[in-house]
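All chains are named by letter (A, B, ...) in the order of the sequence lines, taking the proteins before the strands, and each is independently numbered beginning at 1.
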Amino acid sequence: MKKDDFARFCGSEDYVTSEPLENAVNVSIALGRPLLIRGEAGTGKTLLAHSIAKGLEKKLITWNVKSTTKAQEGLYVYDTVQRLNDSRFGDKDISDIKQYIKLGKLGQAFIAPEQVVLLIDEVDKADIEFPNDLLNELDEMSFYIPETNETISAIHRPITVITSNAEKELPDAFLRRCIFHYIEFPTPELMEEIVRVHFPDIKDSLLTEALKTFYSLRKVDDFRKKPSTSELIDWIRALIAGGIPHEQIAKQVPFVGTLLKKENDYDFFVRNFATRRW
Amino acid sequence: MFTDFFYILRQNKVPVSLVEWMTLMEALAKGHIRDLDDFYFLARAILVKSEAYYDQYDVAFQQYFQGVEAPEEITQEVLDWLKDPLNRLFMSEEEQARFESMDFDELIRELEKRLREQTEQHDGGGHWIGRGGTSPFGHSGYHPQGIRIGGRPGGRHAVQIAQERRFKNYRSDLTLDVRQIGVALKKLRQLRRTGLEDELDLEGTIKATAKNAGDLDFIWQRSRKNTVKLLLLMDVGGSMEPYAKLCSRLFSAAHSSTHFRDFQYYYFHNCIYDNLYWDIEREDAVSTVHLLHTLEPDYKLLIVGDARMGPWELTERYGAINYYERNEIPGILWLKRIADHFDHSVWLNPDDPRFWIHATVQMIGRLFPMYPLTLAGLEEAVGKLVVKR
């Protein structure tokens, strides 16, 4: 019965999901709560929002959060400098404040005529207070602009996906309002599926060898940054482009620079593994 | 519905609030749940807000839905025990030699093997192996009697997942890697306006422009930068050897943090006397007095050490463990000088707080606020470093 309109998102053709993740997405849509996604770098947190937008055929609005981003910017910006400028060289009617109010990403998502997917990317990059400042807006999906005495409220509650790298702890009050999902690092079986989505024609022998090498590299605890999914994809792309025969992969690990991005890790690899199998 | 589950979660220290519980009820009421599998993932997504609590959630889930007690923390308990250098002190030489002959992984593998065998033989297992003194696992009176091995789950998938407890390693009270330390240290941030005036002060500009009868008058201000200076003193060698890896992680996290205005580090062995050292080998010395003269009191001081030594090393003249140090002033007075000099100081102790009941640990604990070198402890310590004492 209701199950049908509940189970809506089930991945898209270029994004492989797991059942728990689909569940989390769907419950967040059904309850109209933001979905908070955490996970190791390169496990496809950002891509998830793209996939939801694609799978449900909705428009995606992305708000990239930086260390300097303030919550207010997501709602609206009152361009005072422009108005000041216009007042000096007055060729516009500066008494109309509306034209100086520019809606931010959140505001755009609210006034969109149909439901959109709103991605707030890397929410933990900003100041610690940032998520708290958005609490009310995300809860009620509306905000007030005192300058124009207007209230912007969502026509359709946007499907909100928030990603975090756990750089900063998020405030409890904020967490309470979210649905949370932690994307685990894919198991070799799931990884195989993911790789096949990207390279439908890949040879089995190449894939097996590459995955074996990749997962044994990931087991090395001494790497500062372990290679992740996106690096694996790049690596396999390089392997295919270079026409490397699969027997060589484990022995030589060609193009290791696509997997290991830190100088220390690279040195460590060269010293310990480059010459022998492990 | 499931109200007991709520309390079991809270018992297991999962921070669940009523808001989240009501959300779950709302989801249940909407009929989103077909079976226990759905419930497991749905309740987790709604109730648990960090992967650090996934493990506790799994434990609670088992408790509630299987009606069995949670399995004891076999691995963690034993791991801790094996890692704890104190336990090695109680071993006979023979035992120690055998212990030394296996590396840690080997030991764990061996242990797992034996535990497995035991399950098969005793059907769920009651007593643990190796009290006879020939096994490397059972010496010196440590006898984890009655540790139960989680029985085979009898059916449901979700309970099986819970039973696997795959998220054990995400628990924040257990693991500590460079990045986590870096994140914790980041909280030391203190922003002050310094440097060139290169940021437009909008309010100031508007005010000045208004005063200027509408003619633009730009006001600039300095941008905000982190002003924290960090001093790290690390105990190396001897009883700190087992923690070398942990300490080096702390070091690399502090070192790679670019947001300190200044970061200095020195080494010592057991206690600080006349000299501190640039290098781990403790050959290149710098006088402690010189450091106290040159470093302003606003350096945040982080000392890492087990604070465990012979009492004379702390309280006696010439007490230094290195005979040639010939310290005129007892170590404890040096420490007091240091503690008095800096406005903010903490001591991080890698030993388990259970073993802090030791004369010198207690004495040093009175001079410096002492915290365990775990993620939680580090966060507390950082919290202490940012407030005035």
Side-chain angles (χ1 to χ4, degrees), chain A residues 1-3 5-7 18-33 35-41 67-68 80-81 83-85 87-88 124 127-128 139 164-184 187 221-222 224-225 262 264, chain B residues 15-24 26-27 29-34 37-54 158 161 166-167 170 172 177-180 182-184 186-187 189 191 200 202-203 205-206 209-210 214-216 218 223-224 245 252 256 379:
Chain A
M1 28 151 243
K2 278 193 174 152
K3 189 69 202 173
D5 57 282
F6 174 52
S18 61
E19 198 196 323
L21 179 59
E22 283 167 26
N23 261 327
V25 172
N26 288 322
V27 80
S28 106
I29 297 174
L31 298 178
R33 310 235 170 189
L35 175 65
L36 175 66
I37 296 288
R38 278 230 303 245
E40 230 180 281
S67 62
T68 50
T80 42
V81 176
R83 185 161 177 248
L84 194 67
N85 198 43
S87 76
R88 292 188 77 213
D124 52 338
D127 196 71
I128 295 181
D139 233 15
S164 157
N165 281 321
E167 272 188 32
K168 287 192 198 96
E169 200 125 328
L170 296 168
D172 288 344
F174 177 76
L175 290 176
R176 274 202 286 277
R177 285 164 173 83
C178 296
I179 307 292
F180 173 80
H181 184 79
Y182 179 82
I183 301 189
E184 277 176 90
T187 56
D221 272 332
D222 290 297
R224 291 274 170 88
K225 188 196 170 303
K262 300 229 174 198
N264 300 350
Chain B
V16 194
S17 71
L18 266 182
V19 180
E20 283 140 342
W21 191 252
M22 292 320 290
T23 313
L24 177 66
E26 192 188 329
K30 285 192 174 167
H32 291 329
I33 290 167
R34 280 169 304 182
D37 282 12
D38 278 5
F39 182 80
Y40 172 82
F41 291 120
L42 192 83
R44 194 178 72 183
I46 294 176
L47 299 176
V48 188
K49 297 302 156 65
S50 165
E51 69 276 15
Y53 297 112
Y54 274 9
I161 298 171
R166 282 177 299 159
F167 294 95
Y170 295 98
S172 64
D177 63 30
V178 177
R179 186 177 159 75
Q180 286 172 317
V183 172
K186 227 174 180 175
K187 294 196 184 119
R189 206 169 54 154
L191 295 172
L200 181 67
L202 195 61
E203 299 234 325
T205 302
I206 292 171
T209 305
D215 224 19
L216 273 180
F218 288 112
S223 59
R224 298 199 299 168
K245 204 161 181 178
S252 50
S256 61
E379 275 171 1

For this session: Apply side chain to side chain contact (heavy atoms under 4.5 Å, CB included) to the pair B:Glu51 and A:Phe180, showing each step before the final yes or no.
Result: CA-CA 9 Å; B:Glu51 69 276 15; A:Phe180 173 80; 3.6 Å; yes
Exercise. Can B:Glu26 and A:Val27 be said to form a side chain to side chain contact (heavy atoms under 4.5 Å, CB included), step by step?
Worked result: CA-CA 10 Å; B:Glu26 192 188 329; A:Val27 80; over 6 Å; no
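Of the inter-residue distances, the one linking A:Ile179 atom CD1 with B:Leu42 atom CG reads 7.5 Å to the nearest 0.5 angstrom. B:Met22 contributes atom CE, which lies 14.5 Å from atom CZ of A:Arg176 (distance to the nearest 0.5 angstrom). The distance from atom OH of A:Tyr182 to atom OH of B:Tyr53, rounded to the nearest 0.5 Å, is 15.0 Å.
Proximity to chain A is limited to the side chain of B:Leu202, based on heavy atoms less than 4.5 angstrom apart. Only the side chain of A:Thr80 has a heavy atom closer than 4.5 Å to any heavy atom of chain B. Only the backbone of B:Val48 comes within less than 4.5 Å of a heavy atom in chain A; its side chain stays farther off.
When all heavy atoms of B:Lys49 and A:Leu175 are compared, the closest pair comes out as NZ-O, 2.7 Å.
At least one side-chain heavy atom of B:Lys30 sits less than 4.5 Å from a side-chain heavy atom of A:Leu31.
Residues forming a side chain to side chain donor-acceptor pair (under 3.5 Å) with A:Ser18 (at least two apart in sequence, or on another chain): none.
No hydrogens or angles considered: a donor-acceptor pair under 3.5 Å links the side chains of A:Arg38 and B:Ser50.
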